[in-house]
**Q** 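The structure is given below, and queries will be raised subsequently.
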Amino acid sequence: MVKICCIGAGYVGGPTMAVIALKCPSIEVAVVDISVTRIAAWNSDQLPIYEPGLEDVVKQCRGRNLFFSTDVEKHVCEADIIFVSVNTPTKTRGLGAGKAADLTYWESAARMIADVSKSDKIVVEKSTVPVKTAEAIEKILTHNSKGISYQILSNPEFLAEGTAIQDLFNPDRVLIGGRETPEGQKAVQALKEVYANWVPEDRIITTNLWSAELSKLAANAFLAQRISSVNAISALCEATGANVAEVAYAVGKDSRIGPKFLNASVGFGGSCFQKDILNLVYICECNGLPEVANYWKQVIKINDYQKSRFVNRVVSSMFNTVAGKKIAVLGFAFKKDTGDTRETPAVDVCKGLLGDKAKISIYDPQVTEDQIQRDLAMNKFDWDHPIHLQPMSPTAVKEVTVTWDVYEAATGAHAVCILTEWDEFKRLDYSKIFENMQKPAFIFDGRNGLSFCSESEDTQLAYVTFRDSQGAETAMLLTGATIVDRSVNITPAENYKLPPEAYRHILDGNSSPTNEAVKKAEDVVSGMLAKGFVLSKDALQRAKAFDEQHQLLSTASATVVSLDQRIGLSEKLSTGMAMVSGKVREVDERYQVSEITRSALASAEQTATNAGSAIMSNRYVSTGASWLSSALGKVMKAAEDVSILTKEKVEKAEEERKQLFWDERRGMVSEYAKVHLDEPLSNEPPTVPVYSMDEQKLRIA
Ligand SMILES: NC(=O)c1ccc[n+]([C@@H]2O[C@H](COP(=O)([O-])OP(=O)(O)OC[C@H]3O[C@@H](n4cnc5c(N)ncnc54)[C@H](O)[C@@H]3O)[C@@H](O)[C@H]2O)c1
Ligand SMILES: O=c1ccn([C@@H]2O[C@H](COP(=O)(O)OP(=O)(O)O[C@H]3O[C@H](CO)[C@@H](O)[C@H](O)[C@H]3O)[C@@H](O)[C@H]2O)c(=O)[nH]1
């Protein structure tokens, strides 16, 4: 049985080895680490890192052919292939400080391998290292080889956190670099055979050692460069009135550029990009290439600029002072779906705000208070050392509080800053947040992924006066609807009162108001559902509350129950959801399209759920809701369509959906407006001030 040992049980070593163990049942995999607490966590139910899907994989193989241990020497001694996946932080002192990679941990691992080995070994660089590191490692290993043969391979890891398992299951490529000698090629072949257990052969690239080492640094530099490029453009957009999301979309449509990695943000974070680019810069400088070094340095400078620009925007918008003001920070991890905070832009933003004497309240679903306090007090680059070697917990920053309740974080705040793109932030009740904030309230979206009712220059504001008595209620139904990444927020003008005609059907004893406005509501809402738009659950609750406030729902509840029994809506709904979930997951497993199918699933499920919520809370159900059941049918059909699409089709559909969104957004708004507005619209909602207190006004943002 082939034995693999991995030195370093971190974000790379843990998931990578777990997947190798899962995919290669005939290989025994031991993951070792000098950190006792980390290994204990790997052996417990509370894994040391949060990564979707990881727990599942670990549970399947742990104790079978996957072991976590602190007995480093034993497992190294027994292994045929040794992966080294230890920290390679940026040096903080000495030659190359602030740029060069610190190879202390790598070197100590190599020396230990040389000390304890009694048989031939293949030693694999899994850590990201400077080009030519293998040469140094070779010298260390062979210096005292006692006749043992070592083959060094470079096998850099390309997984991204938050999607690590998916990336490992279905990598774009596996890169293996080795010596161009017969022994070197034999070692390359041995490692290739491991990956060939699940990775198609044409995705396993073999190169020489230096190409493999350098490719890793180059890949990260290219990725980070895209983000700095779009972030640089975002500054220009803000100065000119262009919309960076629209620009990125238009640019990414060019197939030579492609749509991925063009999301403008508060800046990139994570343990790799900055460290690896600094490393690349240093290597360029050492090789007498200052122009090349400066080129890449600029990627980091723009990133720093973006973070400080964000802080400046917050402070300047808030009347040039945040002193003593509570600011809620939503999201602290460097990206969604991870609890990792290494080099997170949130640290720089918080430090900037603290520098201006703000009081900060932080919420992140995966990051603990202890971690946040450590991060805020830590020196630059210290975070990238093994945890037990990091400086001891410094005193907590007292202007910072951390809570597990997002609404509590925002209560009493003058501003909310979104710093991580957690999906849950898209579903928050922003009206509730707004209501509990100090006024004027500000929201700063550092991820550019959310649309809020904020009075920024991006907001399209319309004050709408309804001539029709039902128009206002119809509009309420659409509150919180999400059209791809835009949310429609409709709030009644203060002291709004329904006109007497709205009550007429109740007074008449007629519970079926089938006037034009209601019909239009059916069309618009069912149209939106069928197109996959997500109606906000909470918005419908609000619509219901609105109805109740005006005593329009007196007969609805009883009718809903009988209606449900009559057409079996609940049953259809749960069947629909089960079918959607099952089929989408099946496709996911077959084609490994998790990212896309997950969002399709979420959207389908949410649509179905919200349709359900609409059923229970929508007063139009009580008025002969055949339209709703047909809308539900369309939703289920749409979801089924998604589930049978192949990877390519899903991707295409996503693209088409986006295209549709861009094409139809304006159309929708004006179509809707035509029905409900006094003045029909051509392109955009009108921005007209409220001018009369006795008319019914709604604000659409
Ligand atoms: N995090 C990522 O997404 C990612 C992706 C690709 C590559 N990388 C690279 O992989 C390497 C590891 O990154 P990580 O994120 O897993 O770091 P990590 O800090 O999560 O894990 C490294 C582990 O190595 C252990 N360690 C250090 N020296 C050791 C020694 N001598 N013996 C035994 N254990 C030792 C530490 O205790 C730690 O648990 C880095 O070079 C990084 O640049 C990281
Ligand atoms: O369009 C985008 C994409 C990403 N980010 C940010 O960029 C950072 C890095 O994101 P990502 O690359 O997804 O995560 P990492 O886990 O840091 O993965 C990168 O770094 C790893 C370590 O080297 C590599 O293995 C991966 O291939 C590479 O994507 C995060 O702060 C993201 O929020 C943006 O701001 N805009």
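In listed order, ligands and their atoms are each counted from 1.
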**Q** Are Glu343 and Lys275 close enough for a salt bridge, meaning some N to O gap below 4.0 Å?
**A** no
**Q** Less than 6.0 angstrom from the centroid, inside 45 degrees of the normal: does Lys336 satisfy that with respect to the ring of Phe425?
**A** no
**Q** Check if Met112 has a non-hydrogen atom at a distance under 4.0 Å from any atom of ligand 1.
**A** no
**Q** Only heavy atoms count here, so choose which of Lys275, Glu157, Arg38 is nearest to atom 18 (P) of ligand 1.
**A** Arg38
**Q** Just to be sure I read this right, does ligand 1 sit under 4.0 Å from the backbone of Ile7, its side chain, both, or neither, counting only heavy atoms?
**A** side chain
**Q** Looking only at distance, does Arg342 have an N or O less than 3.5 Å from an N or O of ligand 1?
**A** yes
**Q** What I want to find out is whether Lys91 reaches Asp102 closely enough, with some N-O distance under 4.0 Å, to be called a salt bridge.
**A** no
**Q** Which bit of Ala164 is near ligand 1, meaning a heavy atom under 4.0 Å away: side chain, backbone, both or neither?
**A** neither
**Q** Of the backbone atoms (N, CA, C, O) and the side-chain heavy atoms from C-beta on, which set of Leu159 has a member under 4.0 Å from an atom of ligand 1: side chain, backbone, both, or neither?
**A** both
**Q** Judging by distance only, is a nitrogen or oxygen of Lys126 under 3.5 angstrom from one on ligand 1?
**A** no
**Q** For residues Ser228 and Asn303, is any side-chain donor paired with an opposing acceptor at under 3.5 Å?
**A** no
**Q** Answer yes when Glu285 and Lys297 have at least one side-chain N-carboxylate O distance shorter than 4.0 Å, and no when they do not.
**A** yes
**Q** Within 45 degrees of the axis of the six-membered ring of Phe158 and under 6.0 Å from its centre: does Arg173 put its NZ or CZ there?
**A** yes
**Q** Just jot down the ligand 1 atoms closer than 4.0 angstrom to any heavy atom of Thr88, in number order.
**A** 40 (C), 41 (O), 43 (O)
**Q** Should Asp33 be listed as contacting ligand 1, given a heavy-atom distance under 4.0 Å as the test?
**A** yes
**Q** Do the side-chain N and O atoms of Gln371 and Arg374 include a donor-acceptor pair separated by under 3.5 angstrom?
**A** no
**Q** Would you call Arg342 and Asp340 a salt bridge, taking side-chain N to carboxylate O under 4.0 Å as the test?
**A** yes
**Q** Give the atoms of ligand 1, by number and element, whose distance to some non-hydrogen atom of Tyr105 is under 4.0 Å.
**A** 28 (N), 31 (N)
**Q** Any idea which atoms of ligand 1 are less than 4.0 Å away from a heavy-atom of Ser271?
**A** 1 (N)
**Q** One residue to check: Glu107. Relative to ligand 1, which of side chain, backbone, both or neither has a non-hydrogen atom less than 4.0 Å away?
**A** neither
**Q** Under 3.5 Å between some N or O of ligand 1 and some N or O of Ser35?
**A** no
**Q** Show the atom names and distances, to 0.1 Å, of all donor-acceptor pairs under 3.5 Å that link a side chain in residues 48-59 to residues at least two apart or in another chain.
**A**
unit_1: Glu51; atom_1: OE1; unit_2: Gly162; atom_2: N; d: 3.1
unit_1: Glu51; atom_1: OE2; unit_2: Gly162; atom_2: N; d: 2.6
unit_1: Glu51; atom_1: OE2; unit_2: Thr163; atom_2: N; d: 3.1
unit_1: Glu51; atom_1: OE2; unit_2: Ala164; atom_2: N; d: 3.1
unit_1: Glu55; atom_1: OE2; unit_2: Lys59; atom_2: NZ; d: 2.9

**Q** What part of Ser108, side chain, backbone, both or neither, has a heavy atom within less than 4.0 angstrom of ligand 1?
**A** side chain
**Q** Will you find, in the side chains of Asn279 and Lys99, an N or O donor that is under 3.5 Å from an N or O acceptor?
**A** no
**Q** Side chain, backbone, both or neither: which part of Pro156 comes within less than 4.0 Å of ligand 1 when only heavy atoms are counted?
**A** neither
**Q** Which atoms from ligand 1 have a heavy atom of Gly10 less than 4.0 Å away?
**A** 16 (O), 18 (P), 20 (O), 21 (O)
**Q** Which value, rounded to the nearest 0.5 Å, describes the distance between Ser154 atom OG and Trp210 atom CH2?
**A** 9.0 Å
**Q** Report yes if some N/O of Pro386 lies less than 3.5 Å from some N/O of ligand 1; otherwise report no.
**A** no
**Q** Which of the atoms of ligand 1 are close to Asn87, meaning less than 4.0 Å from one of its heavy atoms?
**A** 19 (O), 22 (C), 23 (C), 24 (O), 25 (C), 26 (N), 27 (C), 36 (C), 38 (C)
**Q** Indicate the atoms forming the closest heavy-atom contact of Trp42 with Gly10, along with that distance.
**A** CZ2-O, 3.9 Å
**Q** How about Ser211 and Asn208: does a side-chain donor come under 3.5 Å of a side-chain acceptor?
**A** yes
**Q** More than 12 heavy atoms of other residues, nucleotides or ligands under 6.0 Å from CD of Glu135: is that the case?
**A** yes
**Q** Would you mind listing each N/O atom of ligand 2 next to any protein N/O under 3.5 Å, plus the distance?
**A**
unit_1: ligand 2; atom_1: 1 (O); unit_2: Leu262; atom_2: N; d: 3.4
unit_1: ligand 2; atom_1: 1 (O); unit_2: Asn263; atom_2: N; d: 2.9
unit_1: ligand 2; atom_1: 13 (O); unit_2: Lys335; atom_2: NZ; d: 2.8
unit_1: ligand 2; atom_1: 14 (O); unit_2: Lys335; atom_2: NZ; d: 3.2
unit_1: ligand 2; atom_1: 16 (O); unit_2: Glu161; atom_2: N; d: 2.8
unit_1: ligand 2; atom_1: 23 (O); unit_2: Lys216; atom_2: NZ; d: 2.8
unit_1: ligand 2; atom_1: 23 (O); unit_2: Asn220; atom_2: ND2; d: 2.7
unit_1: ligand 2; atom_1: 25 (O); unit_2: Glu157; atom_2: O; d: 3.4
unit_1: ligand 2; atom_1: 25 (O); unit_2: Phe158; atom_2: O; d: 3.2
unit_1: ligand 2; atom_1: 25 (O); unit_2: Leu159; atom_2: O; d: 2.6
unit_1: ligand 2; atom_1: 25 (O); unit_2: Lys216; atom_2: NZ; d: 2.8
unit_1: ligand 2; atom_1: 27 (O); unit_2: Phe158; atom_2: O; d: 2.7
unit_1: ligand 2; atom_1: 31 (O); unit_2: Gly269; atom_2: N; d: 2.9
unit_1: ligand 2; atom_1: 31 (O); unit_2: Phe334; atom_2: O; d: 2.7
unit_1: ligand 2; atom_1: 33 (O); unit_2: Arg447; atom_2: NH1; d: 2.6
unit_1: ligand 2; atom_1: 35 (O); unit_2: Ser265; atom_2: OG; d: 2.6
unit_1: ligand 2; atom_1: 36 (N); unit_2: Asn263; atom_2: O; d: 2.9

**Q** Assess whether atom CG of Asp202 is packed by more than 12 heavy atoms of other residues, nucleotides or ligands within 6.0 Å.
**A** yes
**Q** List ligand 1 atoms under 4.0 Å from Lys216, heavy atoms only on the residue side.
**A** 6 (C)
